[in-house]
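The first residue of the sequence shown is numbered 1, and numbering continues consecutively from there.
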Amino acid sequence: MSREALQALAERAAQAAAAGGFAAEGRAPVPSPCIGICRMDAGGRHCEGCFRTLDEIRDWSAAPPARQRAIWAVLLQRAGLAPVVPLAPQG
């Protein structure tokens, strides 16, 4: 895993939190964690960019917001990043 990918993923999570994407009752859509580095790790366990498994990537578009937030929580843990704290949207 590259430091750049981890930084990009952390920044994406922070932006999503600031926009209200992780608020349990929020109206903001949950943004995809994809950062454009789309390749599986050597063991085929997860994407090297967003840390989602193939099943999580496949299911993302049809998943309800609660499931998408759960995927975010798991992938951040998988990446060794701090969990997201839902914030009120800015503006």
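- Listed by first and then second residue, the side chain to side chain donor-acceptor pair (under 3.5 Å) pairs that reach into residues 9-22 are Q7-E11, sequence neighbours excluded.
- Summarising the geometry of A79 relative to L6, their closest heavy-atom pair is O-CD2, 3.6 Å, with the distance given to 0.1 Å.
- Judged as a salt bridge (Lys or Arg N to Asp or Glu O under 4.0 Å), and not counting sequence neighbours, D59 has no contacts.
- Judged purely by atom type and a 3.5 angstrom limit, R78 uses its side chain to pair as donor or acceptor with the backbone of F51.
- In this structure, the side chains of L75 and L9 come closer than 4.5 Å at one or more pairs of heavy atoms.
- Taking all atoms of both residues into account, the shortest heavy-atom contact from A13 to V84 is CB-CG2, 3.9 Å.
- Between R52 and P33, some side-chain heavy-atom pair lies under the 4.5 Å cut-off.
- E56 is listed as a side-chain neighbour of V74, based on a closest heavy-atom distance under 4.5 Å.
- Side-chain contact between C47 and I57 is present, with at least one heavy-atom pair separated by less than 4.5 Å.
- For the pair L54/M40, a side-chain contact is recorded, criterion being any heavy-atom separation below 4.5 Å from C-beta on.
- If you take CD on E48 and CG on D41, they are separated by 6.0 Å, rounding to the nearest 0.5 Å.
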Please set out all donor-acceptor pairs under 3.5 angstrom arising from side-chain atoms of residues 60-73, sequence neighbours excluded.
{"from": "Q68", "atom 1": "NE2", "to": "W60", "atom 2": "O", "distance (Å)": "2.9"}
{"from": "R69", "atom 1": "NH2", "to": "A24", "atom 2": "O", "distance (Å)": "3.3"}
{"from": "W72", "atom 1": "NE1", "to": "P31", "atom 2": "O", "distance (Å)": "2.8"}

